[in-house]
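Here's the structure, in structure tokens; my notes come after.
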Amino acid sequence: MASSNQTVLQFTPSPTSLTAKVHPLVMFNICDCFVRRPDQAERVIGTLLGSVLPDGTVDIRNCYAVALDIDYHHNMLSSHLKVNPKEVIVGWFSTGFGVTGGSALIHEFYAREVPNPVHLTVDTGFSSGEASIKAFVSVSLSLGDQQLAAQFQEIPLDLRLIEAESVGFDVLKTTMVDKLPNDLEGMETSMERLLALIDDIYKYVDDVVEGRVAPDNNIGRFISDTVASIPKISPAAFDRLVNDSLQDQLLLLYLSSITRTQLSLAEKLNTAAQIL
């Protein structure tokens, strides 16, 4: 009796019980990487670190951006393992709303690093009004031994927060900024806030002197201690002190910018040399 070999088109599902648990540090790191991204970059991708719990839950505890640089990815992983050897690669993240066309290629790379990696997406564009977070795993469609396509299937995601972290995350997920303030902008904001507080103190003192507000001994002692703690310095010396400090900060920013440019150029040349 002759036997015929048949090639079967099969759909390989992922484990249905797989869930993911994300710590708040991961979300803060992803948002920080997105805000600090280069101006020409539309999104940020990176590696997720953590462990797989005995019940099958993927516990995501840390992350770092990779910018599609394989050498940088391996160097960062080596550095993280020196600090916490218990954390391993559990998947990767990307900013943006949902899965994109190139996600399958990136997911294939991480599938060679770890079996069944988790893909975490963070909507930093606030498409739904807030920074929605989703987790996916890949489901393969294969013909015999040849994989034809991959489909991303959403899995349950648990964001574990204590009360203090929950307050910060609620503010973060509903607040969108174009960029972080630089040193000068931060100093300007601080000075404006300080002037507003001084105006409030002036108004309170005037109201007490004019009899419009009853005096409070505790507030008076607090104002007295605050004024006494300020060093007595002439306006010219104060201006010179501020300008010297500002010049030092600008010099550090300039040197760090040069160093960052040199490191970026060295990484690109190293990657190009390996490809060629």
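- Nearest heavy atom pair, residue Leu25 against residue Arg61, reads CD2-O, 4.0 Å.
- Through direct or indirect side-chain contacts shorter than 4.5 Å among Ile, Leu, Val, Met, Phe, Trp and Tyr, Val208 is connected to Ile201, Tyr204, Val205, Val209, Val213, Ile219, Ile223, Val227.
- Counted by atom type alone, His23 and Asp59 present one or more donor-acceptor pairs between their side chains at under 3.5 Å.
- Note: His119 and Trp92 have parallel aromatic rings, judged against thresholds of 30 and 60 degrees for the angle between ring planes.
- The main-chain N or O of Leu252 is found under 3.5 Å from a side-chain atom of Ser256 such that the two form a donor-acceptor pair.
- Within 6.0 Å of the CZ atom in Arg212, the count of heavy atoms belonging to other residues, nucleotides or ligands exceeds 12.
- With hydrogens and angles ignored, the 3.5 Å screen pairs no side-chain donor or acceptor of Ser257 with any backbone N or O of Leu253.
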Ser94/Thr121 under side chain to side chain donor-acceptor pair (under 3.5 Å): CA gap, chis, key distance, verdict: CA-CA 5 Å; Ser94 69; Thr121 62; 5.9 Å; no
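- Side-chain atoms of Thr19 and Ile155, non-hydrogen and from C-beta on, never get closer than 4.5 Å to each other.
- Counting heavy atoms from C-beta on, the side chains of Val22 and Met27 come closer than 4.5 Å.
- Residues Lys134 and Asp123 form no side-chain contact, since every pair of their non-hydrogen atoms from C-beta on lies 4.5 Å or further apart.
- Distance check, rounded to the nearest 0.5 Å: CG of Asn217 to OG of Ser224 gives 11.5 Å.
- Legend: residues meeting side-chain contact (heavy atoms from CB on, under 4.5 Å) with Glu108, ordered by chain and number and at least two apart, are Leu105, Arg112.
- For the 3.5 Å distance criterion, the side chains of Tyr64 and Ser79 fail to qualify, holding no donor opposite an acceptor.
- Side-chain N or O atoms of Thr226 include one that pairs as donor or acceptor with a backbone N or O of Phe222 at under 3.5 Å.
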Stepwise side-chain contact (heavy atoms from CB on, under 4.5 Å) test for Tyr110 and Thr47: CA-CA 9 Å; Tyr110 280 94; Thr47 302; 2.7 Å; yes
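- For Ala20 against Ala135, the heavy-atom pair with the smallest separation is CB-CB, 4.4 Å.
- One distance of note links SG of Cys63 with CG of Asn29; it measures 4.5 Å at 0.5 Å rounding.
- For the pair Asn243 (side chain) and Asp239 (backbone), a donor-acceptor distance under 3.5 Å is present.
- Between the side chain of Thr259 and the main chain of Leu255, a donor-acceptor pair closer than 3.5 Å is present.
- Residues that satisfy the side-chain contact (heavy atoms from CB on, under 4.5 Å) test with Asn218, not counting sequence neighbours, are Asp216, Arg221.
- The pair Lys203-Asp207 counts as a salt bridge, with a side-chain nitrogen and a carboxylate oxygen less than 4.0 angstrom apart.
- A 4.5 Å side-chain heavy-atom check between Ile133 and Leu157 finds at least one atom pair inside the cut-off.
- Residues Ile30 and Val44 are not in side-chain contact: their nearest non-hydrogen atoms beyond the backbone lie 4.5 Å or more apart.
- Atom SG of Cys33 and atom CD1 of Ile45 lie 11.5 Å apart (nearest 0.5 Å).
- A 4.5 Å side-chain heavy-atom check between Val90 and Val114 finds every atom pair outside the cut-off.
- For the atom pair CZ of Arg240 and OG of Ser245, the computed distance is 13.5 Å after rounding to the nearest 0.5 Å.
- The closest side-chain heavy-atom distance from Val137 to Asn116 is below 4.5 Å.
- Once rounded to the nearest 0.5 Å, the distance linking CD1 of Ile89 with OG of Ser51 reads 13.5 Å.
- Tyr202 and Leu194 end up in the same hydrophobic cluster when Ile, Leu, Val, Met, Phe, Trp and Tyr side chains are linked at under 4.5 Å.
- Ile60 places none of its side-chain heavy atoms less than 4.5 Å from the side chain of Leu49.
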